[in-house]
Amino acid sequence: MADTLTVTDNRTGKTYEVPITDGAIRALDLRQVRTGPDDFGLLAYDPAFMNTASTRSAITFIDGDRGVLWYRGYPIEQLAERSTYLEVAYLLIHGELPTEKALADWTWQVTHHTWVHENVKKFMDGFHHDAHPMSMLISAVAALSTFYPDARVNRDAGHRALQVHRLIAKMPTLTAFAYRHTLGRPCVYPDNDLSYAGNFLNMVFRTADAKYAPPPALERALDVLFILHADHEQNCSTNAMRSVASSGVDPYSAVAAAAAALYGPLHGGANEAVLKMLRSIGSPARIPDFIRQVKTGEARLMGFGHRVYKNYDPRARIIKGVADAVFAATQPSPLLPVALELERIALQDDYFVTRKLYPNVDFYSGLIYDAMGFPVEMFPALFAIPRTAGWLAQWLEMLGDPEQKIARPRQVYTGPDRRDFVPMERRA
Ligand code: CMC
């Protein structure tokens with residue numbers, strides 16, 4: 001049996017044989033399907049990349065029907081239970097789990113790049129008091145490229161590694177500075193004695209104490225949430241990262257673009273939208289009416305559904321366990337009963353069952369962040385911090401892939417045919 005696809009063009013009666021590799025045909029192989037010498041050749045039309053693989057990748061594997069997620073072959077459940085965010089970030093970037101020494105070096109590097117230039121504080125100060133932290137983060141990370149102009153031109157592997165350390169290290173600092181700005185509080189500088197998650201909590205929440213001790217349950221919970229959000233193969237923001245970086249731009253600008261893609265309510269903004277939705281529902285008694293609105297298209301059940309998962313998102317399962325640990329250490333969220341009941345009803349309802357709509361990673365993460373004391377405006381940034389490792393792993397993979405070029409889709413033109421310019425006085 002040949003690994004090929006035979007296609008007959010009924011316009012011409014010609015037959016073509018196209019190779020199948022790893023379950024895919026090359027869209028460029030369709031170009032030979034032409035009606036004549038003036039025909040450009042057949043295009044694959046795929047708005048929103050519903051069935052197009054844009055790359056070969058060895059980083060993250062998802063089986064949406066079985067609810068499976070692996071980073072570099074390791075199941076997400078094992079990583080969430082036994083690893084740390086920084087170890088997982090190393091795994092994503094380097095492809096293997098670190099040795100003890102490699103992890104110590106990596107941790108040292110990330111820890112010692114957490115500080116930002118003092119001028120960053122000055123432009124943070126320029127933002128309006130009610131600026132959204134994610135908008136500030138996007139702007140600030142783009143602005144980092146002005147501090148490291150050599151990142152634009154230097155393509156050396158060691159130099160790239162330096163940008164990776166800087167970006168993973170500085171995203172929490174920029175986020176925390178943005179948050180403190182919204183409160184009108186002074187920035188808290190990084191504390192190198194703390195873990196990645198612990199230091200972030202320090203920069204966000206420290207008040208008068210000289211030394212901040214992160215609550216262990218919250219520190220671990222945040223670290224697990226960071227692990228769960230670290231990568232998710234070719235999603236909207238990762239595609240933005242690859243697409244923008246394919247032009248050869250520096251990684252700070254590309255991460256800003258990826259973060260901008262993440263900000264949208266259908267992607268990383270969904271956890272913010274979930275919390276707002278739960279607040280607007282308010283009590284379990286109002287759920288049936290809300291479900292009715294979803295079914296008539298007046299509302300959307302945020303935190304449900306996924307382009308790839310047509311089963312329970314494995315991250316959502318782990319997050320439920322994290323929620324229990326956090327609520328044991330804080331106040332139980334008054335919105336938890338609403339979320340649990342909403343999930344229970346939706347999982348039995350034909351509308352959601354037939355469309356295979358299950359809770360995704362964002363359904364419970366917002367409740368946890370809320371219980372930890374983060375305002376909803378911080379949620380997208382809490383996603384961007386850990387996803388930076390994934391974006392950078394994908395960036396490095398793209399740079400090393402000889403098949404990749406500047407990303408440039410084709411279009412099917414549907415506009416007017418050629419016509420002559422109409423002077424103003426003759427326009428209708
Ligand atoms: N509530 C109600 N109906 C929904 C929902 C939802 N959350 N999600 C999908 N549907 C319906 C949709 O209306 C469509 O119905 P019909 O066939 O009758 O037209 C059907 O289910 C298929 O949905 P789709 O919009 O074609 O699916 P998609 O793959 O384009 O969208 C999605 C995926 C995540 C954008 C969508 O499910 C959604 O908007 N969910 C809510 C937002 C959300 O939670 N986003 C976070 C995603 S996970 C974190 C991340 O990776 O960013």
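Predicted, not measured: the structure shown is a model, and the values here were computed from it. Read the numbers this way: they start at 1 and go in the same order the structure lists the ligands and their atoms.
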Taking atom types as modelled, is there a side-chain donor on [X] or [Y] under 3.5 Å from an acceptor on the other?
X	Y	result
R242	T55	yes
T4	E17	yes
E233	Q394	no

For the pair [X] and [Y], name the ring-plane relationship: parallel under 30°, tilted 30 to 60°, perpendicular over 60°.
X	Y	result
F61	W70	tilted
H165	H113	parallel
H267	F383	perpendicular

Proximity of [X] and [Y] rings by center, below 6.0 Å:
X	Y	result
H128	H181	no
Y312	H306	no
Y90	Y85	no
F363	F304	yes
Y358	Y309	no

Nearest protein heavy atom with distance in Å, relative to [atom]:
atom	result
atom 16 (P) of ligand 1	R355 NE, 3.6 Å
atom 34 (C) of ligand 1	G305 O, 3.7 Å
atom 52 (O) of ligand 1	H267 ND1, 2.4 Å
atom 48 (S) of ligand 1	H306 CD2, 3.5 Å
atom 2 (C) of ligand 1	V294 CG1, 3.5 Å
atom 42 (C) of ligand 1	M302 CE, 3.4 Å

Does [atom] have any protein heavy atom closer than 4.0 Å?
atom	answer
atom 19 (O) of ligand 1	no
atom 24 (P) of ligand 1	no
atom 31 (O) of ligand 1	no
atom 45 (N) of ligand 1	yes
atom 27 (O) of ligand 1	no

Task: Sub-4.0 Å heavy-atom approach of Y351 to ligand 1 - done: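 Y351: in contact with ligand 1 (<4.0 Å).
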May I ask whether L357 places a heavy atom under 4.0 Å from ligand 1?
->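 The answer is yes: ligand 1 sits under 4.0 Å from a heavy atom of L357.
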Any N or O of [X] that comes nearer than 3.5 Å to an N or O of ligand 1?
X	answer
L266	yes
G303	yes
F304	yes
R300	yes
R315	no
L301	yes

Check [X] against ligand 1 and report side chain, backbone, both or neither, counting heavy atoms closer than 4.0 Å.
X	value
R307	both
N360	side chain
L262	neither
D362	side chain

Heavy atoms of other groups near R11 CZ, more than 12 under 6.0 Å =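 Yes - once you tally the heavy atoms of other residues, nucleotides and ligands closer than 6.0 Å, there are more than 12.
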Validate the cation-pi geometry between R355 and Y351: distance from NZ or CZ to the six-membered ring centre under 6.0 Å, angle to the ring axis within 45°.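 R355 over Y351 ring: yes.
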**Message:** Which residues pass the ring pair (Phe, Tyr, Trp, His ring centres under 6.0 Å) test with F147, not counting sequence neighbours?
**Reply:**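 Partners of F147 under the ring pair (Phe, Tyr, Trp, His ring centres under 6.0 Å) test: H117.
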Quiz item: Which atoms from ligand 1 have a heavy atom of A270 less than 4.0 Å away?
Solution: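 Those of ligand 1 that fall under 4.0 Å from A270 are 43 (C), 44 (O), 45 (N), 46 (C).
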